[in-house]
Number of protein chains: 2
Amino acid sequence: MPASNRDVLMRCRLFRRVTAACLDRVAAIAVSRRYGAGERIFAQDDEAPGLFVVDEGAVRVFKIAPSGKEHVLHLAEPGHTFAEAAVMGGFPAPAHAEATVDTRCVLLPAAAFRALLDADPELPRQLLTGMAVWVHQLVAHVEDVVLHDATGRLARYLLEAAQDDVAVLPARKRDIASHLNLTSETFSRTLSRLVDRGLIRREPGRRIRLLDAGGLGFLARGV
Amino acid sequence: MPASNRDVLMRCRLFRRVTAACLDRVAAIAVSRRYGAGERIFAQDDEAPGLFVVDEGAVRVFKIAPSGKEHVLHLAEPGHTFAEAAVMGGFPAPAHAEATVDTRCVLLPAAAFRALLDADPELPRQLLTGMAVWVHQLVAHVEDVVLHDATGRLARYLLEAAQDDVAVLPARKRDIASHLNLTSETFSRTLSRLVDRGLIRREPGRRIRLLDAGGLGFLARGV
DNA sequence: CGGTTATTTGAGAGTCTTCAAGCTGAGTGG
DNA sequence: CCACTCAGCTTGAAGACTCTCAAATAACCG
């Protein structure tokens with residue numbers, strides 16, 4: 001059962017610190033959108049339709065190189081936003097977006113949202129810290145891709161994705177591999193190696209149980 | 001001759017769209033800072049002293065992996081800002097910052113700047129688009145590092161750095177190499193290959209002349 | 001000019017990718 | 001209920017690109 005638009009906003013980092021009154025004004029322009037698994041949400045260089053907040057499901061935001069290679073910039077899960085920068089900056093979408101499973105999003109249409117930013121003196125101040133957090137995450141992503149090897153990247157990903165020592169993969173393995181800048185083959189092999197070492201166990205339905213979070217932590221730090 | 005603090009702010013992307021009155025209030029809290037070549041500006045995990053705008057010189061913002069490997073996140077040249085996200089988000093500096101040459105910066109001290117953000121209703125709105133631009137650049141950087149090979153990354157860098165077909169390297173080659181996620185050896189070899197192909201020419205004093213910008217463009221796009 | 005640091009160049013090794021083939025598993029229709 | 005099919009996943013072998021280590025050369029600074 002999907003949550004109310006306002007609840008979805010309240011749960012996401014970007015809007016968490018926004019005051020109640022302010023949040024009401026944002027919720028007033030929100031619309032709900034549903035996408036089937038594999039459905040395209042917008043394409044690179046399109047005008048961004050607005051700011052999306054994921055309620056249920058998952059969205060992959062990805063670029064395609066001239067060589068044909070894909071890179072998944074962001075696997076947006078419930079509570080995450082995407083297309084924020086394009087909407088606020090007013091530039092076209094820098095990447096493609098596609099639902100990886102059946103997905104519901106809250107959409108804040110670009111024009112209405114920008115109007116709200118201009119009309120409401122409080123909102124920009126609150127969002128600024130939200131954007132700073134997003135920059136922070138991007139920097140962490142750069143750092144991860146650049147400073148760690150395949151094993152370290154995978155270990156870190158599993159640790160971040162896990163709840164109670166179980167990580168549920170929000171998309172196909174090849175998409176997650178791409179997000180970590182790996183091929184699906186390398187992803188698969190690296191996963192097998194972690195199983196052999198007794199650090200994780202595969203379970204049915206895209207689930208992975210973490211058997212030794214401490215050991216994974218060492219790998220994630222590059223030891 | 002260094003520019004006035006206000007002029008420096010006006011020239012940088014973050015503050016370009018800020019209204020004159022607003023800019024005056026920002027300039028009022030600005031202080032000037034000088035650093036010698038190689039001098040540390042702040043360290044990772046320090047509290048960020050404030051928002052820096054480079055006036056003259058260049059600053060390398062970098063992370064160090066547990067393995068000892070460095071990655072230069074950002075080579076900030078005149079007109080660029082750094083530590084924005086840390087200041088706005090209120091978290092500690094996510095990276096080290098060091099002047100690569102004698103450098104002058106304009107510093108907006110963190111506490112005063114945050115106070116200004118709260119007091120001035122206009123400022124956050126203007127900065128929000130500035131932050132969106134910064135996110136955009138980070139995404140481009142991720143894309144570049146991940147989707148292109150050494151030759152492509154170098155070609156793109158040279159094209160972006162060039163003015164009138166001459167690129168002046170703002171730092172040691174090893175720092176630029178690190179920014180492109182290359183070792184200095186690979187950087188050197190790749191540069192030599194471009195010289196052999198007749199695309200560029202080395203000139204004295206960290207200068208590189210672009211002989212065939214079109215050809216470099218093809219390489220940058222991964223052809 | 002001498003000492004130091006940065007860059008270039010060479011040889012070899014590693015990690016990851018590519019290409020190719022078999023496997024698995026969920027959904028479909030007989 | 002069971003093939004069948006198709007996409008995704010796994011596994012193997014070969015190769016490419018970049019890195020590491022080592023040494024020579026070049027640039028810089030006092």
Side-chain angles (χ1 to χ4, degrees), chain A residues 36-39 58 60 65 67-72 98 100-102 144-155 157 168-196 200-208 219 222, chain B residues 36-39 58 60 65 67-72 98 100-102 144-155 157 168-196 200-208 219 222:
Chain A
E39 189 176 344
R60 68 183 186 120
S67 67
K69 180 180 171 182
E70 278 184 12
H71 177 69
V72 175
E98 210 174 86
T100 66
V101 294
D102 289 349
D144 193 37
V145 163
V146 146
L147 295 178
H148 302 310
D149 64 7
T151 308
R153 302 209 286 278
L154 178 52
Y157 179 80
V168 181
L169 306 184
R172 294 175 303 182
K173 287 201 171 99
R174 47 184 285 193
D175 291 325
I176 295 168
S178 168
H179 182 52
L180 300 174
N181 195 27
L182 299 173
T183 58
S184 63
E185 291 96 327
T186 301
F187 184 89
S188 174
R189 276 187 263 264
T190 308
L191 209 57
S192 299
R193 230 172 292 138
L194 294 181
V195 171
D196 293 343
I200 61 174
R201 186 170 61 211
R202 295 169 203 252
E203 295 190 348
R206 280 181 177 168
R207 285 173 28 163
I208 293 178
L219 292 178
Chain B
E39 189 176 344
R60 69 185 186 119
S67 67
K69 180 181 170 182
E70 279 184 10
H71 177 69
V72 175
E98 211 174 83
T100 66
V101 295
D102 288 349
D144 192 38
V145 164
V146 146
L147 294 178
H148 301 311
D149 64 6
T151 308
R153 302 208 287 279
L154 178 52
Y157 179 80
V168 181
L169 306 183
R172 292 176 304 183
K173 287 202 172 93
R174 48 185 285 191
D175 292 325
I176 296 166
S178 167
H179 181 52
L180 301 174
N181 195 27
L182 297 172
T183 59
S184 60
E185 292 95 326
T186 300
F187 183 88
S188 174
R189 277 188 262 266
T190 307
L191 210 56
S192 299
R193 229 173 295 137
L194 294 182
V195 171
D196 293 344
I200 61 174
R201 185 171 61 211
R202 295 170 204 251
E203 295 192 348
R206 279 181 177 168
R207 286 175 26 165
I208 294 178
L219 293 177

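Below, read A as the first sequence line, B as the second, and so on, with proteins coming before strands; counting in each chain starts at 1.
Nucleotides of DNA chain D with any atom under 4.0 Å from a heavy atom of chain A span, from 5' to 3', D:dG8 to D:dA13. Taking 4.0 Å as the cutoff to heavy atoms of chain B, we find the contact window on DNA chain C bounded by C:dA6 to C:dA11.
Closest approach of B:Arg207 and B:Val168 over heavy atoms only: CG-CG2, 3.8 Å. For the pair A:Ile176 and A:Tyr157, the tightest heavy-atom approach, listed with the atom from each and the gap, is CG2-CE2, 3.7 Å. The shortest non-hydrogen separation linking B:Pro170 to B:Ala58 is O-CB, 3.6 Å. Pairing each heavy atom of B:Asn181 with each of B:Arg153, the nearest pair is O-NH2, 3.1 Å. In terms of heavy atoms, B:Glu98 sits closest to B:Gly38 at CG-O, 3.5 Å. Taking both residues in full, the closest heavy atoms of B:Ala37 and B:Asp102 are given as N-OD1, 2.9 Å, listed atom of the first, atom of the second, then distance.
A donor-acceptor pair under 3.5 Å links the side-chain atoms of A:Ser192 to the main chain of A:Ser188, judged by distance alone. Proximity of a side-chain donor or acceptor of A:Ser178 to a complementary backbone N or O of A:Arg174 within less than 3.5 Å is not detected. Panel note: side chain A:His179, backbone A:Val72; a donor-acceptor pair is recorded below 3.5 Å.
Residues satisfying the side chain to side chain donor-acceptor pair (under 3.5 Å) criterion with A:Asp175, sequence neighbours excluded, are A:Arg60, A:Arg172. B:His71 is linked by a ring pair (Phe, Tyr, Trp, His ring centres under 6.0 Å) to B:His141, counting only residues two or more places apart in sequence or in another chain.
Taken to the nearest 0.5 Å, the CG atom of A:Leu194 stands 6.5 Å off from the CG atom of A:Leu219. Between the CG atom in A:Leu169 and the OG1 atom in A:Thr100 there is a gap of 10.5 Å [rounded to 0.5 Å].
Residue-level contact check: B:Asn181 touches the backbone only, with heavy atoms under 4.0 Å from sugar-phosphate atoms and none from bases. At a threshold of 4.0 angstrom between heavy atoms, the contacts of B:Arg153 with the nucleic acid are absent.
Residues from residues 182-193 of chain A that place a heavy atom under 4.0 Å from any atom of DNA chain C, listed by number: A:Leu182, A:Thr183, A:Glu185, A:Thr186, A:Arg189.
End-to-end axis angle of the helix from C:dC1-D:dG30 to C:dG30-D:dC1, from C1' rotation axes over five pairs per end: 40° (rounded to 10 degrees).
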